[in-house]
Colleague: 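The structure is given below, and queries will be raised subsequently.
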Amino acid sequence: MWLAKQLGTEYVENRHPQMTPQEVAGWMLDLHLKLVANNSKVVLEAKVAKDIKPNLVNTRMGLKELVRHAKQNTPELEAVSDDHAIALLANVFKQINQNAKDINKGNLVVPGLGRFQINQIKHEKDGQTGLTKRLIFHAPNTKREEGV
């Protein structure tokens, strides 16, 4: 309960007695990222995420557009070819997807990138009820993780 309270109401609501060590470890990492965001200078990854966040809200972007935004905000990436950067991003998202398949509810934390909150949502289609997996990305410097 102490850990959940440190992270915010969403964590308090999602706390359960049978939490796995992996879930607790994910929450510990979330607390670490929150403390880093609140108590130190912004690291490069967090700065890039913050700088491009206003451009990404409610927007669908392809890999080419993500690479373009990354290069605009991080001059060190200019030396990387677009094709290589796109291939790298595609591989990263593929690995994230593979890891998320094994989680029905909880968090998938990617250090240096952020956290993917995973939930199953009930839906109805053609009179049939089913479950859909929903992933919500939280960058390390989002308001929710800063406790606002």
Side-chain angles (χ1 to χ4, degrees), residues 3-4 6-16 19-125 128 130-148:
L3 179 59
Q6 299 304 307
L7 291 165
T9 57
E10 181 180 330
Y11 288 86
V12 173
E13 293 168 1
N14 288 316
R15 185 182 62 89
H16 57 90
M19 289 184 67
T20 66
Q22 291 84 0
E23 287 177 294
V24 175
W27 285 22
M28 290 296 295
L29 181 58
D30 289 348
L31 179 59
H32 171 77
L33 294 172
K34 176 182 175 182
L35 293 172
V36 167
N38 289 339
N39 296 311
S40 69
K41 293 182 180 178
V42 178
V43 294
L44 179 61
E45 293 87 356
K47 183 181 184 321
V48 170
K50 181 180 177 186
D51 289 347
I52 66 172
K53 183 180 176 188
N55 299 323
L56 299 178
V57 175
N58 296 322
T59 303
R60 291 185 180 261
M61 298 182 76
L63 294 178
K64 286 182 182 180
E65 293 165 295
L66 285 171
V67 167
R68 183 173 45 84
H69 279 283
K71 285 186 172 186
Q72 286 174 350
N73 290 288
T74 311
E76 298 86 356
L77 296 176
E78 201 56 47
V80 179
S81 76
D82 287 358
D83 290 340
H84 282 103
I86 290 168
L88 176 63
L89 278 178
N91 193 2
V92 167
F93 287 127
K94 180 180 176 183
Q95 290 180 25
I96 290 169
N97 187 47
Q98 287 172 342
N99 287 309
K101 285 181 182 178
D102 298 332
I103 303 171
N104 290 323
K105 182 176 182 175
N107 293 300
L108 172 62
V109 177
V110 181
L113 179 63
R115 179 176 57 84
F116 293 85
Q117 177 185 343
I118 303 170
N119 292 306
Q120 287 193 344
I121 308 296
K122 289 183 182 179
H123 71 279
E124 187 174 324
K125 183 176 181 181
Q128 299 288 327
L131 292 174
T132 299
K133 193 175 284 190
R134 172 194 261 172
L135 277 75
I136 301 171
F137 175 69
H138 298 278
N141 60 342
T142 62
K143 287 183 181 180
R144 194 191 75 58
E145 293 199 10
E146 291 177 358
V148 173

Colleague: Spell out, as yes or no, whether a donor-acceptor pair under 3.5 Å connects the side chain of Lys133 to the backbone of Ile121.
Modeller: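 Checking the backbone N and O of Ile121 against the side chain of Lys133, no donor-acceptor pair under 3.5 Å is found.
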
Colleague: Please output the side-chain donor-acceptor pairs of residues 79-89 that fall under 3.5 Å, not counting sequence neighbours, one pair per line with the distance.
Modeller:
residue: Ser81; atom: OG; partner: His84; partner atom: N; Å: 3.1
residue: Ser81; atom: OG; partner: His84; partner atom: ND1; Å: 2.6
residue: Asp82; atom: OD1; partner: Lys71; partner atom: NZ; Å: 2.5

Colleague: Can you tell me how far the CG atom of Asn73 sits from the CZ atom of Arg68, to the nearest 0.5 Å?
Modeller: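 If I round to the nearest 0.5 Å, the distance is 10.5 Å.
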
Colleague: Going by the rule side chain to side chain donor-acceptor pair (under 3.5 Å), which residues pair with Gln72 if we only count those two or more places apart in sequence or in a different chain?
Modeller: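 Result, side chain to side chain donor-acceptor pair (under 3.5 Å) vs Gln72: none returned.
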
Colleague: Report yes if some heavy atom in the side chain of Lys105 is under 4.5 Å from a heavy atom in the side chain of Glu23; otherwise report no.
Modeller: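 No, their side chains stay 4.5 Å or more apart.
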
Colleague: Under a plain distance cut-off of 3.5 Å, with no hydrogens placed, do Gln95 and Asn99 share a side-chain donor-acceptor pair?
Modeller: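 Result is no, nothing qualifies.
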
Colleague: Do Trp27 and Val109 come close enough that some side-chain heavy atom pair is under 4.5 Å?
Modeller: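 SC-SC contact between Trp27 and Val109 ruled out.
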
Colleague: Could you check if a side-chain atom of Asn107 sits within less than 4.5 angstrom of a side-chain atom of Ile118, using non-hydrogen atoms only?
Modeller: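 In short, these two side chains do not touch, never coming nearer than 4.5 Å.
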
Colleague: Do other residues, nucleotides or ligands put more than 12 heavy atoms under 6.0 Å from the CD atom of Gln98?
Modeller: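 Result for CD/Gln98: enclosed.
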
Colleague: Contact between Leu7 and Val12 at the side-chain level, heavy atoms closer than 4.5 Å - yes or no?
Modeller: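 The answer is no; the side chains never approach within 4.5 Å.
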
Colleague: Going by heavy atoms in the side chains, are Arg134 and Gln117 under 4.5 Å from each other?
Modeller: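 SC-SC contact between Arg134 and Gln117 ruled out.
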
Colleague: Would you name the heavy atoms of Leu135 and Ala100 that are closest together and state the gap between them?
Modeller: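 Taking Leu135 first and Ala100 second, the nearest heavy atoms are CD2-CB, 3.9 Å.
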
Colleague: Sort out for me which residue in Val110, Ile103, Ile136 forms a side-chain contact (heavy atoms from CB on, under 4.5 Å) with Phe116.
Modeller: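 That would be Val110.
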
Colleague: With heavy-atom distances below 4.5 Å as the criterion, would you say the side chains of Lys122 and Leu131 are in contact?
Modeller: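 Contact flag for Lys122/Leu131 side chains = yes.
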
Colleague: Any heavy-atom pair between the side chains of Thr132 and Gln120 that's under 4.5 Å?
Modeller: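 Contact flag for Gln120/Thr132 side chains = no.
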
Colleague: Taking C-beta and beyond as the side chain, do Phe93 and Leu66 meet within less than 4.5 Å on heavy atoms?
Modeller: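 Sidechains of Leu66 and Phe93: in contact.
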
